[in-house]
Amino acid sequence: MECVLTEPLYLDHAATTPMTPAAVAAVREGMAIWANPSSPHAAGRAARAALEAARGRIAAAYGWRHEVLLTSGASESLAIALGRSVAARRIVSAVEHDAVLRAAGQAGVLPVDALGRVDPGALGDVAGALVAVQWCNSETGVIQPIAAIAEAVHAGGGQLLADAAQMPAGDVLAEHADFVAVSAHKRGGPPGTGALLVRDVALLHPSGGQERGYRPGTENLPGVLGYAAALGEAEPDHSARRARLDDAIRRSGGEVVADAAERHPAIGAYRMPGVASAAQLIRFDLAGIAVSAGSACASGSLKPSHVLRAMGWSEEASREVVRVSFGRTTCDDDVERFIAAWRGVMRATGRFAA
């Protein structure tokens, strides 16, 4: 891909990524189909047909052969699963997204190791429980051993909810999780659209209304069409770019978070020792570079990352980490530009002399 340097440089795609041209066109098409998909007249039936066709494309993109409930995004999908599961108990990993922690209430907590991973052999009693574990951590990029976790959860008589907002399209979870929460705006679709993939709707208490009676409200046809269109577009492999950035950070006196873990190829978390993440964000922003500290939902908080703390990081060290994430528009020169900016901040603070 030919690289065109633009101002500013956006490296916060894990928070949200630009809509693809196909998604924009599909949303525009959906806005022209103005009828309510739940209306029984001809216009409503046409809208319903378009909605169901898009639902089928979303299911196929994730390799899912079961129910797809359309929602306003991953946060609502997680809230539906955690709030209306027939399971008697809730158990969550210590590194889950804030959306899970808010919706889970007084849930049991699974500890993680120093790399942020759940040990499938140490789940404890999960009988009758809904167990929530992220496919990929949105702050660190660490990928959980979901297949092994699912096997252990099911063997123990529990159900598995996977937050897969950062997961690319594919069938990674199709044979493992009972519920999967996904989001359009992480995949180049419109914000305000997502889905809850459900293996068996009997695992949920119904609420009445639309979506087979499991999610009331007029369906967002333009958003759903945009989501389906975005999932039809391939995503680039950023493995080499993230490896280049990892290596440069190490050589520049920084620390790669969870360096030894399997991580998302487009997400990296990096510590700049002695420099607060808030100060880093200001300096990068002045250089025209957008990155974040932690997940988008927590980056405005002064609290240290609960994810890093659960991994055993000190409060001081956890306040020195920023997240860099790539998207479809990211190219090699963007990575080099960020590396130069990182080293510039280190030099300005007297911590990098090379």
Side-chain angles (χ1 to χ4, degrees), residues 17 19-78 80-81 84 135 160-204 206-207 209-235 328:
T17 197
M19 289 177 61
T20 68
V24 172
V27 169
R28 188 176 294 117
E29 173 193 346
M31 289 180 174
I33 307 174
W34 47 265
N36 188 326
S38 294
S39 296
H41 46 61
R45 294 196 303 273
R48 168 61 63 180
L51 183 80
E52 294 307 321
R55 189 194 308 271
R57 294 198 299 275
I58 292 170
Y62 288 109
W64 194 255
R65 297 182 296 277
H66 313 288
E67 293 286 345
V68 176
L69 304 182
L70 302 171
T71 69
S72 63
S75 291
E76 185 191 8
S77 296
L78 292 164
I80 290 173
R84 291 201 263 116
W135 175 79
L160 179 64
L161 163 63
D163 172 0
Q166 301 294 347
M167 184 183 75
D171 60 356
V172 177
L173 297 178
E175 298 304 324
H176 305 308
D178 299 287
F179 302 97
V180 183
V182 289
S183 178
H185 75 106
K186 309 284 190 179
R187 302 270 65 84
T193 305
L196 178 64
L197 312 183
V198 182
R199 185 172 298 280
D200 183 355
V201 292
L203 299 175
L204 288 175
S207 62
Q210 289 82 351
E211 291 304 294
R212 281 86 161 151
Y214 290 90
R215 195 258 180 177
T218 302
E219 298 91 341
N220 178 4
L221 178 58
V224 173
L225 291 178
Y227 189 10
L231 289 173
E233 298 188 59
E235 296 181 73
R328 286 184 174 90

Atom of Gly44, atom of Ala35 and distance for their closest heavy-atom approach: N-CB, 3.7 Å
Salt-bridge contact Glu211-Arg55 (side-chain N to carboxylate O under 4.0 Å): yes
Within-4.5 Å side-chain heavy-atom neighbours: Ile33 and Leu51: no
Minimum-distance pair of heavy atoms, taken over all atoms of Gly63 and Ala174: O-CB, 3.0 Å
Minimum heavy-atom distance between Val198 and His66, given as atom pair plus value: O-CB, 3.2 Å
Polar side-chain atom of Arg187 near backbone of Met167 as donor-acceptor pair, under 3.5 Å: yes
Thr218 and Gln210 side chains, donor-acceptor separation under 3.5 Å: no
Minimum side-chain heavy-atom gap Tyr62-Leu231 below 4.5 Å: yes
Rounded distance [0.5 Å steps], CG in Asn36 versus CG in Leu221: 10.0 Å
CG on Asp178 to CG on Leu173, rounded to 0.5 Å: 11.0 Å
Least distance between heavy atoms, Ala23 atom then Ala230 atom: CB-CB, 4.1 Å
Minimum heavy-atom distance between Ala229 and Ala26, given as atom pair plus value: CB-CB, 3.7 Å
Spacing of Ser207 atom OG and Arg215 atom CZ [to the nearest 0.5 Å]: 9.5 Å
Ser77 side chain to Ala195 backbone, donor-acceptor under 3.5 Å: yes
Side-chain ion pair, Arg328 and Glu233, N-O less than 4.0 Å: no
Between CZ on residue Arg57 and CG on residue Leu225, distance to nearest 0.5 Å: 6.5 Å
Working for side-chain contact (heavy atoms from CB on, under 4.5 Å), residues Leu204 and Leu196: CA-CA 11 Å; Leu204 288 175; Leu196 178 64; 4.2 Å; yes
Arg199 (side chain) donor-acceptor with Phe179 (main chain) under 3.5 angstrom: no
From Tyr227 atom OH to Thr193 atom OG1, the distance as rounded to the nearest 0.5 Å: 9.0 Å
From Leu70 atom CG to Asn220 atom CG, the distance as rounded to the nearest 0.5 Å: 9.0 Å
Shortest non-hydrogen contact between Val27 and Pro222, atoms and distance: CG2-O, 3.4 Å
